[in-house]
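Just below is one structure, and these are the notes that go with it.
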Amino acid sequence: MYDLKNIKFKNILDIKEINIPRGKITCIVGESGSGKTTLLRMLNNLTSPDSGDIFYNGESIFDIDPVSLRRKAVMLPQTPAIFSGTVRDNLLIGLKLSQKPEVSDEELIKAMDMVKLSKDLDSDSDFLSGGEKQRLAIARVMLMDPEVLLLDEPSSALDEDTEQFVISSLVEYARDKKKTMVMVTHSKKIAREFADEIIEIKNKNMPITGRSLV
Ligand SMILES: Nc1ncnc2c1ncn2[C@@H]1O[C@H](COP(=O)(O)OP(=O)(O)OP(=O)(O)O)[C@@H](O)[C@H]1O
């Protein structure tokens with residue numbers, strides 16, 4: 001799905017080659033500050049490398065219209081935006097932005113169930129807890145149903161049991177629908193349990209691929 005070659009970014013990333021396979025779960029792990037978010041942001045052209053090439057389905061991402069790339073490869077940032085309005089508004093806004101048709105309340109509730117969020121669709125998003133906002137944003141991305149999900153620490157605000165439930169749901173969804181999922185996680189446990197591929201960013205800028213975590 002993605003091929004990265006000779007990527008350099010300041011003194012942070014120096015990547016000879018990485019391949020991110022289509023239809024698989026890839027986890028990016030590494031110490032805080034090692035460049036995980038930076039690498040994820042490169043995958044939908046939110047951050048450009050100083051040099052090197054990134055190919056999406058064989059096409060240089062620098063030749064793809066950024067808006068259309070970001071509709072295919074949707075990013076869930078570490079602190080997702082939650083807009084003033086109801087839970088329903090926040091779920092539907094992703095579909096609006098990706099120019100997809102609205103879905104029924106039943107579909108919205110199904111998406112919330114997948115992330116164990118039991119809130120009335122008419123409730124005010126401003127009053128949600130941090131973890132509820134994070135799950136709302138995950139449900140929003142799943143409803144958008146993109147080709148690629150780029151998830152930056154999607155469970156950072158969740159307790160261990162909820163994390164396990166939500167990540168299992170995400171992985172089940174991705175596997176069912178043959179999505180490509182790239183997830184930054186601080187949790188080697190999550191990576192070991194769910195990833196088909198693991199990219200570990202070592203501190204001295206030598207990312208490696210494979211399941212060779214220590
Ligand atoms: N555009 C930029 N210009 C200069 N430095 C940057 C830029 N973007 C990120 N950095 C720096 O790159 C380093 C890696 O940041 P990044 O957010 O990618 O790390 P991370 O591995 O995701 O960290 P964490 O696990 O703490 O979220 C940080 O020191 C950050 O300050």
Side-chain angles (χ1 to χ4, degrees), residues 1-20 24-56 60-62 64 66-67 69-70 73-82 129-138 140-141 146 148-160 162-164 166-167 170-171 174 180-214:
M1 187 100 225
Y2 285 100
D3 295 301
L4 289 80
K5 294 204 169 83
N6 302 316
I7 298 295
K8 284 192 198 273
F9 181 76
K10 308 195 186 295
N11 63 345
I12 299 156
L13 291 174
D14 184 354
I15 300 171
K16 200 162 178 300
E17 183 161 16
I18 292 179
N19 308 105
I20 296 175
K24 302 275 185 201
I25 314 291
T26 298
C27 284
I28 302 174
V29 299
E31 283 174 17
S32 176
S34 58
K36 302 182 296 297
T37 296
T38 305
L39 175 57
L40 196 71
R41 288 171 57 87
M42 284 182 185
L43 301 179
N44 72 353
N45 203 359
L46 283 168
T47 296
S48 297
D50 296 327
S51 59
D53 294 312
I54 301 174
F55 297 95
Y56 179 81
S60 168
I61 64 163
F62 309 115
I64 305 175
V67 174
L69 176 68
R70 288 169 202 156
V74 169
M75 164 82 71
L76 179 73
Q78 230 173 74
T79 313
I82 298 294
S129 72
E132 286 170 342
K133 284 181 178 163
Q134 194 167 41
R135 282 176 282 151
L136 178 60
I138 294 171
R140 178 165 65 202
V141 172
V148 180
L149 292 93
L150 304 172
L151 310 172
D152 196 353
E153 302 263 14
S155 54
S156 58
L158 308 181
D159 63 83
E160 212 174 311
T162 312
E163 173 179 59
Q164 187 73 19
V166 169
I167 301 294
L170 265 167
V171 166
T180 303
M181 189 166 124
V182 187
M183 174 165 70
V184 170
T185 177
H186 62 276
S187 165
K188 288 191 176 179
K189 177 174 170 281
I190 291 283
R192 277 199 198 96
E193 185 172 348
F194 295 107
D196 299 307
E197 297 286 336
I198 295 172
I199 297 169
E200 182 175 16
I201 305 188
K202 301 267 196 189
N203 234 3
K204 272 297 131 208
N205 309 325
M206 286 302 294
I208 51 164
T209 56
R211 300 192 59 97
S212 53
L213 279 181
V214 285

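Hydrogens, waters and symmetry mates are skipped; everything else that's a heavy atom, side chains included, is used. For ligands, and for the atoms within them, numbers begin at 1 and follow the listed sequence.
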Under the side-chain contact (heavy atoms from CB on, under 4.5 Å) test, residues paired with Ser187 that sit two or more places apart:
Thr185, Lys189, Ile190

Residues which pass side-chain contact (heavy atoms from CB on, under 4.5 Å) with Val74, listed by chain and number, not counting sequence neighbours
Val141, Met144, Pro146

Candidates Leu46, Asp152, Thr47 - the one meeting side chain to side chain contact (heavy atoms under 4.5 Å, CB included) with Leu40
Asp152

May I have the N/O to N/O pairs between ligand 1 and the protein that fall below 3.5 Å, each with atom names and distance to one decimal?
residue, atom, partner, partner atom, Å
ligand 1, 18 (O), Thr37, N, 3.4
ligand 1, 18 (O), Thr38, N, 2.9
ligand 1, 18 (O), Thr38, OG1, 2.5
ligand 1, 19 (O), Gly35, N, 3.4
ligand 1, 21 (O), Gly33, N, 3.4
ligand 1, 21 (O), Ser34, N, 3.2
ligand 1, 21 (O), Gly35, N, 3.0
ligand 1, 21 (O), Lys36, N, 2.9
ligand 1, 21 (O), Lys36, NZ, 2.9
ligand 1, 22 (O), Thr37, N, 2.9
ligand 1, 22 (O), Thr37, OG1, 2.8
ligand 1, 23 (O), Gly33, N, 2.9
ligand 1, 25 (O), Lys36, NZ, 2.7
ligand 1, 26 (O), Ser32, OG, 2.7
ligand 1, 27 (O), Gln78, NE2, 3.3

Is the backbone N or O of Ala81 less than 3.5 Å from a side-chain atom of Lys133, with the two atoms forming a donor-acceptor pair by type?
no

May I have the list of side-chain donor-acceptor pairs in residues 1-8 shorter than 3.5 Å, sequence neighbours left out?
residue, atom, partner, partner atom, Å
Tyr2, OH, Leu43, O, 2.7
Asp3, OD1, Asn19, ND2, 2.5
Lys8, NZ, Asp14, OD2, 3.4

Do we see a donor-acceptor contact under 3.5 Å between the side chains of Ser156 and Gln134?
yes

